[in-house]
Amino acid sequence: MIEARHLRVLRAVAATGSFSAAARELGCTQPAVSQQMKALEQSAGTPLLVRTGREMRLTEAGEALVRHATGILAGLTAAKEEVAAIAGLRAGRVRLVSFPSGSSTLVPGALAAMRAAHPGTRVSLVEAEPPRSVEMLREGDCEIALAFRYPDVRGADPAAAAEWDDLVVRPVLTDRLIGVVPEGHRLAGAERIGIAELEKEPWIAGCPRCRRHLVEVCENAGFTPRIDFATDDYPAVFGLVGAGLGVAVMPELALETVRPKGTRTVLVEPLVQREIVALTLPDLARVPAVGAMLDRLADAARR
């Protein structure tokens, strides 16, 4: 019989490449990892790992088992939580991963509402930008990922449209991007500008996904932006713009929690928006605590 605890160990070994690193990640001893892997190979009836010096490499059977492990573990979590809810225990856990501007705006109200309605449910929060947050969801490290994506400007990337096809997608908000220029900039007094008017400016860009989309939008407008600085810290972006070091486009959501000292905001054409959603796995969507948290995130965007 293949046990869930053995699958968790196998996944950790596959991710870290060694028994010792897997033991550190799981908070146990190396002999314990070795024993559980031996038991799993006996259950499977075939080797799952090939030992090459200090590293471990998956066999074909090991790769197949790791590939199925996420779905199996998610299904077990869903079963455990749903049974607990049906039994009336009114307990549970929701691990939420969010990108920073969502953590500071949408998440606090949602968490407060969740705690008020379901005080027995524990909700934890860590931050990660997509696509890493979505990877964490698929790897079983969280139940909900608050994420975003931009439209495919060039219309040439079929993978972009299918990015979340295997997930449950709860729309939360459409967030437009706003231009940010230094206070003394020649366009600081404008209400609305075309992005091509910033062609010769140095740029401050955000996270890798935001940076890639910025380049696509600018190239679609006929120029390639000169990106001098890149940071996913929004106060840092405003600080760099306020010091006259460049211009930027920022999510409107980020403006709610940052004081743009020394900067001016302007509307940018063409309109650039990002889609903010709450994601979960299909099995987890049936867990009452996860469903309640999804509802609270959607409600937070409407207030």
Side-chain angles (χ1 to χ4, degrees), residues 11-12 14-17 25 63 66-71 73-74 77 94-107 110 124-177 203-220 225 227 230-234 236-237 248-254 272-285 290 293-294 297-298 301:
R11 194 175 63 180
T16 61
E25 181 175 304
E63 290 176 352
V66 168
R67 192 164 59 248
H68 288 286
T70 295
L73 293 173
T77 299
V94 179
R95 295 170 295 172
L96 174 64
V97 178
S98 173
F99 55 95
S101 59
S103 297
S104 60
T105 53
L106 299 171
V107 170
S124 62
L125 169 68
V126 297
E127 288 189 342
E129 298 275 4
R132 178 55 193 147
S133 57
V134 183
E135 291 172 1
M136 292 174 68
L137 175 63
R138 290 195 175 104
E139 291 168 0
D141 294 326
C142 67
E143 282 72 49
I144 297 175
L146 188 65
F148 64 87
R149 66 180 171 188
Y150 293 98
D152 182 14
V153 174
R154 295 172 178 151
D157 185 6
E163 181 183 17
W164 300 332
D165 277 0
D166 61 326
L167 303 175
V168 173
V169 181
R170 177 72 69 88
V172 173
L173 183 69
T174 299
D175 188 24
R176 67 178 177 177
L177 269 62
W203 284 83
I204 294 102
C207 71
R209 174 164 291 200
C210 299
R211 187 157 61 248
R212 183 172 63 249
H213 185 70
L214 169 66
V215 171
E216 290 178 0
V217 169
C218 291
E219 288 182 346
N220 208 47
I227 298 174
T231 173
D232 55 7
D233 182 77
Y234 288 128
V237 174
V249 287
M250 298 280 288
E252 194 168 27
L253 204 61
V272 179
Q273 294 179 316
R274 63 178 183 172
E275 177 189 9
I276 297 176
V277 300
L279 304 170
T280 192
L281 293 166
D283 282 336
L284 293 175
V290 173
M293 191 67 227
L294 291 172
L297 287 167

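In this chain, residues are counted from 1 in sequence order. Hydrogens, waters and symmetry mates play no part in the numbers below; they use all other heavy atoms, side chains included. Because the structure is a prediction, the values reported are computed rather than measured.
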Problem set entry | Working for side-chain contact (heavy atoms from CB on, under 4.5 Å), residues I276 and L106 | CA-CA 10 Å; I276 297 176; L106 299 171; 4.2 Å; yes
Taking all non-hydrogen atoms of both residues, which atom of [X] and which atom of [Y] are closest, and how far apart?
X: V134; Y: A147; result: CG2-CB, 4.2 Å
X: P171; Y: V277; result: CA-CG1, 4.1 Å
X: S101; Y: L253; result: O-CD2, 4.0 Å
X: D283; Y: G71; result: OD2-O, 4.3 Å
X: C142; Y: R95; result: CB-O, 3.3 Å
X: W203; Y: P225; result: CD1-CB, 3.6 Å

Is any side-chain heavy atom of [Y] closer than 4.5 Å to one of [X]?
X: E143; Y: L96; value: no
X: E216; Y: L214; value: no
X: L281; Y: L137; value: yes
X: L146; Y: S133; value: no
X: I227; Y: V215; value: yes
X: P151; Y: H213; value: yes
X: E127; Y: F99; value: no
X: F148; Y: C210; value: yes

Say whether, by atom type as modelled, one donor and one acceptor occur between the side chain of [X] and the main chain of [Y] under 3.5 angstrom.
X: R209; Y: Y150; answer: no
X: R274; Y: R149; answer: no
X: D175; Y: P251; answer: no
X: T280; Y: I144; answer: no
X: T231; Y: V237; answer: no

Exercise. Just how far is it from atom CD of E252 to atom CG of L173, taken to the nearest 0.5 Å?
Worked result: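 Nearest 0.5 Å value for the CD-CG distance: 9.0 Å.
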Exercise. Rounded to the nearest 0.5 Å, what separation is found between the CG atom of L279 and the CZ atom of R170?
Worked result: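 Output value for this atom pair is 11.5 Å.
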Exercise. Only one of P100, S98, P208 clears side-chain contact (heavy atoms from CB on, under 4.5 Å) with E129; which?
Worked result: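 Filter result, single survivor: P100.
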Exercise. Checking salt bridge (charged side-chain N to carboxylate O under 4.0 Å, His left out) for the pair R132/E135: CA distance, chi angles, key distance, verdict?
Worked result: CA-CA 5 Å; R132 178 55 193 147; E135 291 172 1; 3.1 Å; yes
Problem set entry | Residue pair T174, Q273: steps toward the side-chain hydrogen bond (donor to acceptor under 3.5 Å, both in side chains) verdict | CA-CA 7 Å; T174 299; Q273 294 179 316; 5.5 Å; no
For this session: Determine, step by step, whether M136 and V126 satisfy the side-chain contact (heavy atoms from CB on, under 4.5 Å) criterion, reporting the C-alpha distance in whole Å, the side-chain angles of both residues, the deciding distance to 0.1 Å, and the verdict.
Result: CA-CA 11 Å; M136 292 174 68; V126 297; 4.1 Å; yes
Exercise. With sequence neighbours excluded, what pairs up with E25 under the salt bridge (charged side-chain N to carboxylate O under 4.0 Å, His left out) test?
Worked result: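 Applying salt bridge (charged side-chain N to carboxylate O under 4.0 Å, His left out) to E25 gives none.
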